[in-house]
Protein chains: 2
Amino acid sequence: MLVARITLAKTDANCLDCPIRHRAVCASCTSSELEELNRIRQYRTWKAGETIAWAGENMSFVGSVVTGVATLSSTLVDGRRQMVGLLLPSDFLGRPGRGEVSYDVVAATETTFCLFQRDQFERFLSKSPSIAKELLEKTLDDLDSAREWMLLLGRKTAREKIASLLVMMARRDGALHRNEPGDGLVFPLHITREAMADYLGLTVETVSRQISAMKRDNVIQLMDTRTIRVPDFNRLVEQSAASSGFEDAHHALPETTAKRA
Amino acid sequence: MLVARITLAKTDANCLDCPIRHRAVCASCTSSELEELNRIRQYRTWKAGETIAWAGENMSFVGSVVTGVATLSSTLVDGRRQMVGLLLPSDFLGRPGRGEVSYDVVAATETTFCLFQRDQFERFLSKSPSIAKELLEKTLDDLDSAREWMLLLGRKTAREKIASLLVMMARRDGALHRNEPGDGLVFPLHITREAMADYLGLTVETVSRQISAMKRDNVIQLMDTRTIRVPDFNRLVEQSAASSGFEDAHHALPETTAKRA
DNA sequence: CGAGCACTTGATCGCTTTCAATAGCTGTGG
DNA sequence: CCACAGCTATTGAAAGCGATCAAGTGCTCG
């Protein structure tokens with residue numbers, strides 16, 4: 001599995017060098033605020049497949065993904081599972097004012113967080129309007145993403161679901177920015193077919209079949225099972241049944257600074 | 001098309017008499033803050049079926065539902081529609097910092113909002129940490145609701161979806177608190193079968209069939225098409241495939257003050 | 001009393017799931 | 001180095017659930 005082999009968490013490094021410095025909740029902190037955060041923060045890394053928190057558990061910390069990918073998912077009593085969120089670098093985990101976590105949080109790849117004790121963070125939050133504003137902004141973005149996904153889960157066909165996921169992955173990867181050197185758009189999936197199925201509300205078999213079908217139709221090609229090449233991105237977008245609305249406007253022209261795809 | 005016909009509102013009433021006074025974003029405002037809000041707020045009412053805002057449109061105001069029910073929904077190019085949220089009294093509509101609305105907002109019943117000009121509200125927000133905190137809290141609740149609904153849309157059967165909706169409606173109605181006088185639990189649905197279908201990612205036919213089936217199995221009874229009687233609430237809950245997690249803990253014992261079911 | 005709408009019910013179709021087998025890849029130990 | 005275990009992924013065949021197409025019922029309001 002593509003393990004992002006991690007060099008030790010440099011807790012002693014400075015916030016100013018942080019890879020998510022300008023996108024995380026701390027993005028608009030003043031330098032004195034940053035200094036304080038710097039004192040109370042802590043890096044921690046989970047290996048791919050490790051569970052970071054179980055639904056219902058009490059989590060004493062909150063924080064941001066620095067590197068890696070983590071998933072949020074819910075499970076029904078009989079084991080049916082649905083992914084309800086994906087945490088990427090700069091995304092925030094945890095709810096101020098509530099320790100109990102609502103979903104299983106699992107590291108999909110090796111994942112490093114920048115963590116704070118929840119009570120310490122809450123104290124900081126109440127003193128710092130800038131971080132509160134960023135957190136609200138992020139939460140609203142998450143809400144928009146969740147609702148966009150509701151449309152996908154409730155109304156899209158299997159084919160459209162896969163296409164939508166690929167579009168999202170491509171945009172988020174920022175692959176669209178590297179100019180296409182004639183050999184199309186190439187980007188990695190990071191996650192297993194099972195995780196894709198959990199995300200899309202499908203079975204692995206259906207995911208696999210639809211990917212094969214899109215390959216047959218030459219909408220995509222597989223470099224290896226987890227690396228996609230797209231000859232014509234617009235054709236992929238067409239197959240994703242993009243909504244008639246305008247809610248895509250904010251990430252239609254993806255930018256490295258885009259919040260969430 | 002349905003143009004927002006506005007009946008006059010009693011803008012002259014005082015915030016202190018407001019029915020959502022203790023649950024809306026203004027819940028923890030100081031009395032001087034309330035006075036200011038009182039000056040800049042405005043009531044406005046839409047009739048059932050009227051569209052409050054179209055996806056993509058620019059909305060110059062934000063505000064809270066005072067009475068009534070409004071729906072948020074997304075539409076695909078070919079007309080497939082998915083409801084992505086339900087606005088009930090005390091729920092907030094609008095996104096500070098962004099005028100463009102992401103979904104169609106439609107009054108399901110006659111609905112009255114307490115509105116603010118967006119720029120005025122934003123100015124107020126940046127001065128008032130208490131209202132900012134309430135808004136963050138509400139947004140986090142909305143996010144939890146949306147994710148719970150993702151599980152329903154992605155993994156539950158038609159029967160389970162209907163049962164889940166009924167459980168939610170019953171809890172939200174607060175019907176559970178009125179003691180059961182032996183004649184079971186009775187509560188209104190407010191919405192049409194079509195709205196139910198849009199919410200659950202089903203067709204009207206399937207909704208209708210499942211309701212009939214549950215009637216046959218004596219899980220529910222219909223007083224009229226939009227009033228449900230439940231002889232044994234636990235049996236209904238069982239059929240809703242409540243998740244194994246604990247994310248229900250916060251509304252498991254429904255309270256009149258519960259944020260969102 | 002009839003038009004329009006919400007809802008119900010029936011028959012059939014087809015997409016996705018389920019069940020089952022196979023292929024491919026990776027790492028481990030003889 | 002190869003054999004084999006354990007995964008992940010693919011493919012096939014069959015079944016089932018919800019969608020679609022099509023009437024028909026019942027209620028409300030003019």
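We use all heavy atoms of the structure for the numbers below, so side chains are in, but hydrogens, waters and symmetry mates are not. Just so we're on the same page: letters track the sequence lines, and every chain starts at 1.
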For B/T203, which contact category applies under a 4.0 Å heavy-atom criterion: base, sugar-phosphate, or nothing? base

Using a cut-off of less than 4.0 Å, is there contact between a side-chain N or O of A/T157 and OP1 or OP2 of C/dC15? no

Output the rounded distance in Å from CG (A/L200) to P (C/dT17). 10 Å

Taking the nucleotide of DNA chain D with the closest heavy atom to each, which residue, B/A158 or A/R216, is nearer the 5' end? A/R216

Answer yes or no: does a side-chain N or O of B/R193 lie under 4.0 Å from OP1 or OP2 of C/dT8? yes

Whether B/R155 and A/D198 form a salt bridge (side-chain N of Lys/Arg under 4.0 Å from carboxylate O of Asp/Glu) is what I want to check. yes

Remember a base hit wins even if backbone is also touched, and classify B/T192 as base, sugar-phosphate or nothing at under 4.0 Å, heavy atoms. sugar-phosphate

If I take atom CZ in residue B/R209 and atom C1' in nucleotide C/dG10, what distance separates them, rounded to the nearest angstrom? 7 Å

Please confirm whether any donor atom in the side chain of B/E205 sits under 3.5 Å from an acceptor in the base of D/dC21, or the reverse. yes

Please check the phosphate of D/dT11 (OP1 and OP2 only) for any side-chain N or O of A/S212 closer than 4.0 Å. yes

Would you say A/T206 places a side-chain N or O within less than 4.0 Å of OP1 or OP2 belonging to C/dT17? yes

The nucleotide from C/dA11, D/dG18, C/dT8 with an atom nearest the side chain of B/L222 is C/dT8

Between A/R80 (CZ) and C/dT16 (P), how many Å, whole number? 18 Å

Do any N or O atoms from the side chain of A/S208 and from the backbone of A/T206 form a donor-acceptor pair under 3.5 angstrom? no

Knowing that exactly one of B/M214, B/R209, B/R216 qualifies, which makes a side chain to side chain contact (heavy atoms under 4.5 Å, CB included) with B/S212? B/R216

Expressed as a whole number of angstroms, how long is the span from B/M214:CE to C/dT8:C1'? 17 Å

What are the two closest heavy atoms between A/R159 and A/V219, and how far apart are they? NH2-CG2, 4.1 Å

May I ask you to say what B/I211 touches in the nucleic acid, namely base, sugar-phosphate or nothing, with a heavy-atom cut-off under 4.0 Å? nothing

Regarding D/dG18, can its base be found pairing with the side chain of B/R159 as donor and acceptor, where the two atoms are less than 3.5 Å apart? no

Considering every strand and a 4.0 Å limit on heavy-atom distances, what is the contact class for A/G49: base, sugar-phosphate, or nothing? nothing

Just to be sure I understand the rule, does B/S208 reach a base, reach only the sugar-phosphate, or reach nothing, if contact means heavy atoms closer than 4.0 Å? base

Any donor-acceptor N/O pair, B/W149 side chain to B/D144 backbone, under 3.5 Å: no

d(CZ, B/R226; P, D/dC27) in whole Å: 14 Å

Whole angstrom value for the distance that separates P of D/dG18 from NZ of B/K156: 14 Å

Minimum side-chain heavy-atom gap B/M196-B/L165 below 4.5 Å: yes

Nearest-angstrom distance from the residue atom CE of B/M196 to P of C/dC7: 9 Å

Length of the NZ-C1' vector between A/K161 and C/dT16, whole Å: 9 Å

